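See structure below.
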Amino acid sequence: MNGGESTSSPVIRVEDVTRTLAGEVPVTLVEQVNLEIERGEFVCVMGPSGSGKSSLLYLLGLLDVPTRGRIWIDGQDTTALDDDQLTDFRLARLGYVFQFHFLLAEFSALDNVSLPIRKLGRLSDQAAHERAAQMLDRLGLEGQHHKRPSQLSGGQRQRVAIARALANDPLVILADEPTGNLDSASSANVRDILRNLTHELNKTVVAVTHDSSFASAADRRIGIVDGRIDLSWRPG
Amino acid sequence: MAIALDVALAHLTSRKRQTLVSLTGVVLGVAFFLAVSSLMRGSEKDFIKRLVDNSPHITVYDEVRQGREQPAQLRWPDAVVTVHNVKPLIETRGIRGWSQRLALIEAMPGLRAAPVLAGTAVLTFAGRQQGVTLSGAVPEKMKQVTTIEEKMVVGSLDALAANPNGVIVGQGLVDKFSLHLGSTLTVLDAVGTSRALRVVGIFRTGNAAYDEAQAFVLLKRAQALLGRENRVNRVIIQLDDPYAAQSAAQTIEAATGYKSVSWIEASEDILSLLLVRNIIMYSVVSAILVVAAFGIYNTISTIVMEKTRDIAIMKSMGFHARDLRRIFLLEGLIVGLLGSGLGLLLGMALMEVLARVEIRPPGVTEVVHLPVWWGAEQYALAAMFAMLSCLAASYLPARRAGRVHPVDILRGAA
């Protein structure tokens, strides 16, 4: 099934991807998914609980590998990459935002954001910190740089997590229920930030959500049911 | 590496109490390792020093290791007829041509040698008798190879040269016979002839049996008394490097043809005992560090369990499994380095205290200090063992961290 219109140079192309967990009773998480997502597009993946939304996101984020099929990101066939190459690819080209902020509790907001920049190693530690500070400022976290996650509100933590996802200037931001743990004001704020990323920075955002108001900001909504893309699915 | 160090330090400092307990385990382990090792090695060194100082480094005996082969066997090795019950020629005991052989030995570098004729005799004084080992020596050579001159309470070895009928006896015999310098003893040789000898010196080694049953006379006098003219039955040798005794003894034996026994060979059983004692000691003190390592394992394991989500997120961000392993190995390394450093300092302080402990063994008037050895190798050994324990303790949790699959954790957390 094709969940989107085909264009000449999609940033993500998924071809006949299936992910099955081996075991006495094999479990199919995602089945025969075909999908293309353009650069600068804001796509929301929606569906009932257990439908395979997060599994698809992990496959798109190269955190998991398909049992069958291929995934191209920025023209690169990622199924041909080994584990080390996939890790390097994630570091340089992908950014993640999760439902829970998953910030390192012992580190300040600034250190959390500078961590992937330092890991990439293209900038000196000082330059990495400067860039991290810019990212935090851009997301409205001026004056919060040296606070630890425990000293920030839920919305602020999620913005730090978004800043961390943007740290290495990735092509694609993958967000798994980014507003699932936030109040409505913070949710709207995070939604607007992600929306603006596509407009201002031409980033591609793929978000899994249950939140229909969040999904309303997306360029495209993809329904997924029982691991398969279902174009007819509408939130109930 | 800088990131790994930052994260490792953050983990350790965020669990201050547990880190401190692990660190204390390593510090105490290293300190006790060092203190016990320094005492055991100190007593070993002290014992060997006494052994080396108080006995010849090499003794050449008037014996051969392998009995001489019969001339007929040498001449006709494949003979059809064998003559049974052939006995060696009876000859006077002693080293043949000893002065030439002594010259041969003395020509070797790094050693001093002295000829000795030792035999048994009976000393009598005021109706009392004592069997002794009578050693005939050349005083100027004897002084170079033994410490007997340092043990003289009264007189000196040189007095023997000045008085051919002089005898030097031990403090034990002096006490037993109520002797004093100038007393005249009678010596009875093996065939029953007697001769009067004047006490010209008294020594005290602290070894009661030796001090009671050893006497020194001039070599010529011993040869006459023991009926073995122009003979010596031992050459005792002192080396500049006592630890070269084994190979030097082999060289001397090859050159002289007589059995040459180094102090190492003579004390083989004692040295084996010391080796076994060291193995036991190191096993026991190492056990302390192994126990400390379990503390580290526990701390790092707990951190890995608690930080599984952080590990997953770092992996999803683009950290390799090896980066994660490095973080937890670094945590073990940091505890090991700090623990070793502080443990060495505490150990040295303990050694300093032990070295000042004064002991008065029963029956000994002088104060004895605990023999503490300050050799560098034990510091290296303690630190190395501590580091290895810490790294081994952190290896398993580190490997577990490297194997964390982000999706499994993220799926569970969602």
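Heavy atoms only: backbone and side chains are in, while hydrogens, waters and symmetry mates are out. Chain identifiers are assigned alphabetically (A, B, ...) following the order of the sequence lines, protein sequences preceding nucleic acid strands; residue numbering begins at 1 within each chain. Worth saying up front: this structure is predicted, and the values here are computed from it rather than measured.
- Between chain A and the options B:S316, B:A312, B:A321, B:A10, heavy-atom pairs under 4.5 Å are most frequent for B:S316.
- Contacts between A:L57 and chain B at a heavy-atom distance below 4.5 Å are absent for every atom of the residue.
- For CZ of A:R138, the number of neighbouring non-hydrogen atoms (other residues, nucleotides, ligands) closer than 6.0 Å is 12 at most.
- B:M317 contributes atom CE, which lies 11.0 Å from atom OH of A:Y96 (distance to the nearest 0.5 angstrom).
- Legend: residues meeting side-chain contact (heavy atoms from CB on, under 4.5 Å) with B:M351, ordered by chain and number and at least two apart, are B:L34, B:S38, B:V372, B:W374, B:Q378, B:Y379.
- Atoms CG and OG, from A:L104 and B:S14 in turn, are 11.0 Å apart once rounded to the nearest 0.5 Å.
- Using a 4.0 Å cut-off between charged side-chain N and carboxylate O, A:E106 and B:R15 make no salt bridge.
- The contact list for residues 107-135 of chain A toward chain B, using heavy atoms and a distance under 4.5 Å, reads A:F107, A:L115, A:P116, A:R118, A:K119 by residue number.
- Within the structure, salt bridge (Lys or Arg N to Asp or Glu O under 4.0 Å) pairs that include any residue of residues 372-392 of chain B comprise B:R41-B:E377 (at least two apart or interchain).
- When the heavy atoms of residues 79-94 of chain A are compared with those of chain B, the residues falling under 4.5 Å are A:D84, A:T87, A:D88, A:R90, A:L91, listed by number.
- Few gaps surround OH on B:Y282; more than 12 heavy atoms of other groups in view lie less than 6.0 Å from it.
- Shown here for A:D64 and B:V407, the closest heavy-atom pair between the two residues is CB-CG2, 3.9 Å.
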